[in-house]
Amino acid sequence: MKIAQIYAILDELAPFCDQESWDNSGLLIGSFDDEFDDLILSLDLDFDLIKNAKPNSLFITHHPLIFKGLKSLDSSKFPSNLIKEMIKKDIKLISMHTNFDKHILNKFVLSQILGYKNFTQIGDFVLKFEVNKSFEEFAKEIKNRLSISNLRVVKAGEFVKTAAFCTGSGADLIGEFEADCFLSGDFKYHTALECYENKLSLIDIGHFESERFFGDCLALALQKSGVFATITNSINPFEYR
């Protein structure tokens, strides 16, 4: 199968033109005329994934390996070390980041993983839904459904009538919606303090933890077009003690 063929399928699922202006989704390594033997889906890339991949494979990742402009390729440093190995093994790379968030990932995680199928989309990234549970009950439910061992929260109220949701890192979206609780990842201290004072509870669902379902939901979408892939995941650099 040629890169151009799979790219066309991906573009129909979540158009690359819908990515944010600062994003770098698309074909990052390889040519549209290239063919590939194996298709592998992963949130990110790490050295072990590249080491164990067969030559002439195509990776589709959520996060772009090449994000900011590279002024040099130092093969002793990430990401240049991975790029070197990928070129040696003729491994190609497509990334689907903010375009995939907007069209597929956020909706999949909220409806299929967390179980809230009735929601309203606010803007490009935020989904709002009814909860009607105590904060403690809701937080415990989210912790169990995402299998998070240690849940970091800001409890600004006892009851959650409505909640907002965004996978990955959504702190910059605070202020674009009205809700009792916001579920996202990578919340910083000052954001937490501000939300506490403004009566917005937070549940930090983790960047890796909330987006690790990228391969699962993309694989299901690709199967409808007769395309089958191997699902894997890069390491989570964080450990919980």
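A donor-acceptor distance shorter than 3.5 angstrom exists from the side chain of S31 to the backbone of D33, with no hydrogens or angles considered. The backbone N or O of R152 lies less than 3.5 Å from no partner atom in the side chain of D204, so there is not a single donor-acceptor pair. The backbone N or O of I40 lies less than 3.5 Å from no partner atom in the side chain of T230, so there is not a single donor-acceptor pair. Without hydrogens or angle criteria, S169 side chain to D186 main chain gives no donor-acceptor distance under 3.5 Å. Here the side chain of D46 pairs a donor or acceptor atom with the backbone of D48 at under 3.5 angstrom. Between the S184 side chain and the C166 main chain, a donor and an acceptor come within less than 3.5 Å of each other. Side chain of K117 to backbone of S111: a donor-acceptor contact under 3.5 angstrom is found. Judged by distance alone, with hydrogens and angles left aside, the side-chain atoms of S75 form no donor-acceptor pair with the main-chain N or O of S80 at under 3.5 Å.
Counted by atom type alone, K89 and N56 present zero donor-acceptor pairs between their side chains at under 3.5 Å. Residues D44 and T61 have side chains that never bring a donor and an acceptor to within less than 3.5 angstrom of each other.
Two residues are said to be in side-chain contact when any heavy atoms from C-beta on lie closer than 4.5 Å; T167 and F214 fail this criterion. You'll find the side chain of L222 reaches within 4.5 Å of the side chain of L10, heavy atoms only. No side-chain heavy atom of H103 sits under 4.5 Å from any side-chain heavy atom of L13. Considering only heavy atoms from C-beta on, F59 stays 4.5 Å or farther from K92 through its side chain. At a threshold of 4.5 Å between non-hydrogen side-chain atoms, the residues V227 and M1 count as touching. Residues Q223 and F228 form a side-chain contact, since some pair of their non-hydrogen atoms from C-beta on lies under 4.5 Å apart. Considering only heavy atoms from C-beta on, L45 comes within 4.5 Å of L93 through its side chain. Side-chain atoms of C195 and I174, non-hydrogen and from C-beta on, do get closer than 4.5 Å to each other.
Using cut-offs of 30° and 60° on the angle between ring planes, the pair F177 and F182 is tilted.
No chain of hydrophobic side-chain contacts below 4.5 Å, direct or via other Ile, Leu, Val, Met, Phe, Trp or Tyr residues, connects I142 to L173. Residues F67 and L27 do not share a hydrophobic cluster, clusters being chains of Ile/Leu/Val/Met/Phe/Trp/Tyr side chains in contact below 4.5 Å. Transitive grouping of hydrophobic side chains (ILVMFWY, heavy atoms separated by less than 4.5 Å) keeps I66 and I60 in distinct clusters. The hydrophobic clustering, which links ILVMFWY residues whose side-chain heavy atoms are closer than 4.5 Å, places F138 and L110 together.
Of the inter-residue distances, the one linking L43 atom CG with H207 atom NE2 reads 7.0 Å to the nearest 0.5 angstrom. Expressed to the nearest 0.5 Å, how far CD1 of I122 lies from CD of E176 amounts to 9.0 Å. The structure places CD1 of I50 at 7.5 Å from CG of L65, a figure rounded to the nearest 0.5 Å. The CG atom of N99 sits 7.0 Å away from the CG atom of D23 when rounded to the nearest 0.5 Å. Here CD of Q19 is found 10.0 Å from CE of M96. Values are rounded to the nearest 0.5 Å. In this structure, CD1 on I94 lies 8.5 Å from CG on L28, to the nearest 0.5 angstrom.
For an aromatic pair to be called close, the ring centres must be under 6.0 Å apart, and F108 with F213 fails this. Between F208 and F238, the distance from one ring center to the other does not fall under 6.0 angstrom. Taking the centre of each ring, Y7 and F16 come in below the 6.0 Å mark.
Between E158 and K155 there is a salt bridge, since at least one side-chain N of the basic residue sits less than 4.0 Å from a carboxylate O of the acidic one.
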Using the rule given for salt bridge (Lys or Arg N to Asp or Glu O under 4.0 Å), can you reason through K88 versus D90, listing the C-alpha separation, both sets of side-chain angles and the distance that settles it, and then say yes or no? CA-CA 6 Å; K88 285 169 59 177; D90 197 19; over 6 Å; no
